[in-house]
Amino acid sequence: MSAPLRDVPDKPTLEGLEDRWAPVWEAKGIYRFDRSKNRAEIYSIDTPPPTASGSLHVGHVFSYTHTDCIARYKRMRGFEVFYPMGWDDNGLPTERRVQNYYGVRCDSSLPYDPDFVPPTEPSKDQVSISRRNFVELCLALTTEDEKTFEAMWRQLGLSVDWSQMYQTIDDHSRATSQRAFLANLARGEAYQSEAPTLWDVTYRTAVAQAELEDRERPGAYHRIGFPRVDDPSDRLYIETTRPELLAACVALVAHPDDERYKAMFGSSVRTPIFDVEVPILAHTLADPDKGSGIAMICTFGDTTDVTWWRELSLPTRPIMGWDGRIIAKTPDWIESSAGREQYAAIAGTTAFTSKERMVEALTSAGFVDREPRTITHSVKFFEKGDKPLEIVTTRQWYLRNGGRDAELRDRLVARGAEIKWHPAYMQSRYTAWVEGLVGDWLVSRQRFFGVPIPVWYGLDASGQPNYDEPIAATTDALPVDPSSATPPGFTEAQRGVAGGFIGDPDIMDTWATSSLTPQIVGGWQHDEDLWGRVFPFDLRAQAHDIIRTWLFSTVVRSHLEEDALPWTHAAISGWILDPDRKKMGKSRGNAMTPIGLLEEHGADAVRYWAASGRPGTDTAFDVGQMKVGRRLAIKILNASNFVLGLGAREGTAAVTEPLDLAMLDALATAVDAATEAFEDYNYSRALEVAEAFFWSFCDDHVELVKDRAYGTLGDEGAASAKAALATALSVQLRLFAPFLPYVTEEVWSWWQDGSVHRSQWPTAAAVRTLGAGGDVAIATAANAVLTAIRKAKSDAKLSMKETATRVEVRGTPEALDRVRQSEPDLRTAGRVGEFSYLPHDSERLEVTVSL
RNA sequence: GGGCGAUUAGCUCAGUGGUAGAGCGCUCCGCUCACACCGGAGAGGUCACUGGUUCGAACCCAGUAUCGCCCACCA
């Protein structure tokens with residue numbers, strides 16, 4: 001039975017395939033998830049929701065293509081694939097984008113203005129607006145961005161089920177995030193603590209360990225003398241990079257074994273100018289080789305200060321405010337008039353200015369005995385910030401993640417070992433991060449656009465909040481914003497009134513919500529039927545830079561909530577690097593935007609480039625690979641056009657010719673190799689296998705059997721050739737379908753019913769049955785002889801259609817017999833007049849061509 | 001300082017024990033009736049280095065060097 005060939009263009013082209021097929025897939029629901037399937041039939045994928053602000057870059061295209069190849073493979077293997085897509089729209093990037101886009105800033109103290117219209121052009125002076133107005137702008141802008149993103153993903157051909165789309169800021173995500181937080185709170189996994197916190201002074205928010213990065217900055221060691229209390233004429237010199245914090249000094253510290261200072265432990269010095277008495281203490285963290293070997297402890301200059309402060313039980317003397325400026329009010333521990341005068345000189349200034357003023361004052365007062373020594377040192381920054389972090393004491397919410405609990409940490413490390421990592425060595429990044437945690441997960445942020453922390457605090461008779469007994473929201477009220485909603489048992493009139501309540505003003509870290517993507521998309525405590533069908537998920541796909549954040553935090557939430565892994569497999573993608581091997585810059589012009597690339601090269605070509613990048617490996621951006629991919633797609637069109645134009649169809653005749661059988665034998669081996677690679681999540685290997693076979697198929701097999709297929713050697717030989725060609729084409733289209741969805745669908749539509757993307761992944765067994773008795777060595781031998789004939793013509797600078805009068809083949813009797821089996825094909829393909837065979841001892845086939 | 005990865009042709013990279021591979025680029029040839037957005041042929045590599053295991057090492061082991069990433073350090 002031969003289906004009619006329909007709609008094959010004379011000159012097939014790649015142009016317009018995206019516009020033709022993407023709407024068809026959507027209309028026919030090719031990628032729609034069928035939830036009637038049971039867990040064993042379902043393959044569920046937890047995808048990273050890309051940050052909706054700003055723009056997608058080629059790195060996104062790279063890793064999302066990898067996931068899509070896996071999804072398409074699994075779908076063809078018969079799994080019902082659950083493949084949703086979300087947008088991570090809450091958090092700082094959106095706030096920053098809204099501020100710049102509209103020229104506004106959020107001021108929580110302002111009332112909501114229902115008639116507010118954002119300026120069309122951002123003005124230099126930012127307009128202050130209420131939190132609700134601000135959030136509305138955030139939502140409006142992200143909605144626009146997300147439409148653009150979705151269009152791009154569709155053009156790239158991601159086989160996601162768009163009816164499963166979610167936003168991390170939508171009602172459902174906020175409710176899920178708050179529900180999970182309340183569960184953590186009820187179990188004691190979420191708690192508050194007032195403690196020194198890494199603080200970004202620009203955004204005025206606390207930041208978590210996972211969000212830190214080090215940056216090299218110029219600095220200077222200032223050598224400052226502290227008069228000893230026992231003998232004020234004797235000064236102890238310390239070296240510091242932060243002289244502006246001298247007023248916050250609480251002690252000096254040296255190593256307990258340091259002979260220079262051993263005798264002084266227990267005595268004290270007075271801080272220069274401020275004249276505050278501080279003790280000289282011993283601690284092993286003090287490094288005798290650094291500076292003068294004795295350090296000034298301030299509250300707080302760096303994380304080591306925090307350690308010393310805690311372990312030596314030192315007092316807290318903060319002078320750094322939340323805004324990054326020295327606190328205006330002169331502290332009461334500074335008593336001398338000279339000290340209070342100097343403090344007034346730095347009060348309200350930035351760290352930079354106060355440093356200048358302190359150095360000037362110390363120098364003119366004679367406490368500095370040498371010029372500052374300039375250095376370059378690394379300083380902690382918030383990864384999205386642009387000023388060094390300060391450390392200020394604040395009340396924050398934490399979630400237990402093993403950072404302060406060895407038993408939990410060990411369990412989470414063990415969870416990591418349960419995950420099937422692709423590639424396997426990525427597990428060590430996880431393990432190293434979890435083992436290196438120094439504290440619990442700080443989840444509260446002093447920002448506006450995000451998921452509010454769903455608690456209130458009662459106010460006592462004097463109006464002071466009772467932080468020890470937060471009033472939790474009830475789950476039926478979620479999502480809730482405590483700044484506008486009223487807690488159970490209160491009326492709105494009691495807000496901010498003694499005996500009443502206040503809402504927690506903070507929002508949660510963006511990871512506190514995105515760590516719940518399995519719960520958000522999987523229907524947790526919302527659609528338990530769906531949850532039972534998709535959880536634990538089969539696959540988490542993401543890039544390696546967010547193992548410490550997204551991957552780890554997802555494991556934490558699932559471990560705490562379900563006592564289970566969130567997914568079985570983790571497929572980790574690499575980064576895209578510039579051609580010069582540097583990490584890809586942000587703006588590289590239009591040629592580098594995903595849309596520009598898709599329009600110039602076509603989706604299949606861009607996908608080919610992405611799929612060529614090995615799992616986990618950083619890959620250079622390479623337009624050349626896209627051109628190769630485009631060439632491959634065009635070749636598929638042309639070769640298919642040729643094979644189908646012959647009238648070749650599967651199953652129309654028995655495959656009888658040795659060369660045809662041999663080709664099928666080789667194809668079966670390729671199917672095995674591609675399948676094995678895909679089962680190991682090695683999509684790039686699967687592509688390589690399919691591609692290698694295909695080029696050999698076109699260049700050698702098709703060329704060899706072409707004339708026979710035309711019928712020049714009789715009907716039976718033609719029928720065998722055509723049946724084998726059609727089978728090979730069908731199989732290869734399916735091998736390529738996960739990588740090149742458009743061109744394979746186009747060709748499939750010419751002669752098959754339904755979508756290639758819902759067709760069955762080819763099995764080697766079926767190909768072997770058709771090619772039973774095939775011996776790949778026959779094809780290898782024929783190719784070798786054909787190559788020798790071509791070489792002879794090429795060396796003689798002749799056209800390939802010139803006749804070779806005689807071809808002499810020497811080899812073992814077995815080898816000669818193999819060549820004989822394809823002699824008729826070799827004769828027509830190579831335009832050979834006469835063949836002769838000479839038995840020979842050498843294993844190597846030798847061919848002499850006479851022209 | 002610790003960890004992970006990489007080092008193979010001019011370039012980008014496959015190849016995990018059995019006679020060195022692909023694509024691009026380069027050279028030469030060919031408008032052969034699927035394809036000039038093409039086809040054919042060719043040149044080009046002591047597989048970073050040093051030792052070891054093995055009949056045999058690009059591959060396994062130990063060490064060295066260089067590069068990248070992560071972490072620690074930050075007075």
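Just so we're on the same page: letters track the sequence lines, and every chain starts at 1.
Checking B:rC13, B:rA75, B:rC37 against every side-chain atom of A:Ile634, the shortest atom distance belongs to B:rC37. Side-chain atoms of A:Thr617 lie closest to B:rA14 of the nucleotides B:rA75, B:rC4, B:rA14. In this structure, the nucleotide among B:rC73, B:rC4, B:rG23 sitting nearest to the side chain of A:Lys380 is B:rC73. Candidate nucleotides B:rU12, B:rC35, B:rA41 were compared by shortest atom distance to the side chain of A:Asn638, and B:rC35 ranks first. Considering only the side chain of A:Tyr425, B:rC4 comes nearest among B:rC4, B:rG40, B:rU12. The side chain of A:Arg614 has B:rA14 as its nearest neighbour among B:rA72, B:rA75, B:rA14. Comparing B:rC13, B:rA41, B:rA75 by their closest approach to the side chain of A:Asp795 singles out B:rA41. Residue A:Lys791 places its side chain closer to B:rA41 than to any other of B:rG15, B:rC37, B:rA41.
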| message | A:Asp305 vs A:Thr303, test: side-chain hydrogen bond (donor to acceptor under 3.5 Å, both in side chains). Steps then yes/no. | response | CA-CA 5 Å; A:Asp305 279 347; A:Thr303 52; over 6 Å; no
Q) Yes or no on side chain to side chain contact (heavy atoms under 4.5 Å, CB included) for A:Tyr430 and A:Leu551, after CA distance, side-chain angles and deciding distance? A) CA-CA 8 Å; A:Tyr430 173 95; A:Leu551 192 146; 3.6 Å; yes
- Message: Assess the residue pair A:Trp575 and A:Phe62 against the criterion (ring pair (Phe, Tyr, Trp, His ring centres under 6.0 Å)); give the C-alpha distance rounded to whole Å, side-chain angles, the decisive distance to 0.1 Å, and a yes or no.
- Response: CA-CA 8 Å; A:Trp575 272 96; A:Phe62 185 66; 9.9 Å; no
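Between the side chain of A:Arg317 and the backbone N or O of A:Cys298, no donor-acceptor pair lies under 3.5 Å. Using a distance-only test at 3.5 Å, with no hydrogens or angles considered, no donor-acceptor pair links the side chain of A:His422 to the main chain of A:Asn682. A distance-only check finds no donor-acceptor pair linking the side chain of A:Ser730 to the backbone of A:Ala726 [under 3.5 Å].
If you find the closest nucleotide of RNA chain B to A:Lys11 and to A:Asp302, the one lying nearer the 5' end belongs to A:Lys11. With RNA chain B read from its 5' end, the first of the two nearest nucleotides for A:Leu285 and A:Glu15 is the one closest to A:Glu15.
Of the C1' atoms belonging to B:rG18 and B:rU32, the separation is 40 Å, rounded to the nearest Å. Straight-line distance between the C1' atoms of B:rU54 and B:rC60: roughly 9 Å, to the nearest whole Å. For the C1' atoms, the distance from B:rU66 to B:rG30 is 46 Å, rounded to whole Å. B:rA58 and B:rA9: their P atoms are spaced 15 Å apart (whole Å). Nucleotides B:rA20 and B:rU8 place their C1' atoms 9 Å apart, quoted to the nearest Å. Here, B:rA75 and B:rC67 have their P atoms 25 Å apart, quoted to the whole Å.
The CH2 atom of A:Trp695 sits 17 Å away from the C1' atom of B:rG21 (whole-angstrom rounding). Nucleotide B:rC13 holds its P atom 10 Å from the CZ atom of A:Phe62, rounded to whole Å. Here the P atom of nucleotide B:rA75 and the CG atom of A:Asp287 are 11 Å apart, to the nearest Å. Here B:rG39 presents its P atom at 11 Å from CZ of A:Arg790, a figure rounded to the nearest Å. The CG atom of A:Asp214 sits 9 Å away from the C1' atom of B:rA72 (whole-angstrom rounding). As rounded to whole Å, 6 Å separates atom P of B:rA75 from atom NE2 of A:His377. Residue A:Asp618 contributes atom CG, which lies 17 Å from atom P of B:rC67 at whole-angstrom precision. Whole-Å rounding puts the A:Phe693 CZ to B:rG21 P distance at 20 Å.
In RNA chain B, the stems built from three or more successive Watson-Crick or G-U pairs (distances below 3.5 Å) are B:1-7 with B:65-71, B:10-13 with B:21-24, B:26-30 with B:38-42, B:48-52 with B:60-64.
Relative to the ring axis of A:Phe642, A:Lys706 places its NZ or CZ within 45° and under 6.0 Å from the centre.
Residue A:Tyr608 forms a side-chain hydrogen bond (donor to acceptor under 3.5 Å, both in side chains) with just one option from A:Glu691, A:His601, A:Arg631, and that option is A:Glu691.
Minimum interatomic distance between A:Leu735 and A:Ala674 (heavy atoms only, all atoms of both residues): CD2-CB, 4.2 Å.
For A:Arg223 and B:rA75, the shortest distance from a side-chain N or O to OP1 or OP2 is not below 4.0 Å. Contact check, A:Arg631 against B:rA36: no side-chain N or O comes under 4.0 Å of OP1 or OP2. For A:His544, no side-chain nitrogen or oxygen approaches OP1 or OP2 of B:rC4 to under 4.0 Å. For A:Lys635, a side-chain nitrogen or oxygen approaches OP1 or OP2 of B:rG39 to under 4.0 Å.
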Produce the list of close N/O pairs, under 3.5 Å, pairing protein atoms with atoms of nucleotides 26-33 of chain B; give distances to one decimal.
residue, atom, partner, partner atom, Å
B:rC28, O2', A:Lys797, NZ, 2.6

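Remark: A:Arg235 does not engage A:Asp369 in a salt bridge, criterion side-chain N to carboxylate O under 4.0 Å.
Contact annotation: the side chain of A:Gln732 never approaches that of A:Ser640 to less than 4.5 Å [non-hydrogen atoms, C-beta and beyond].
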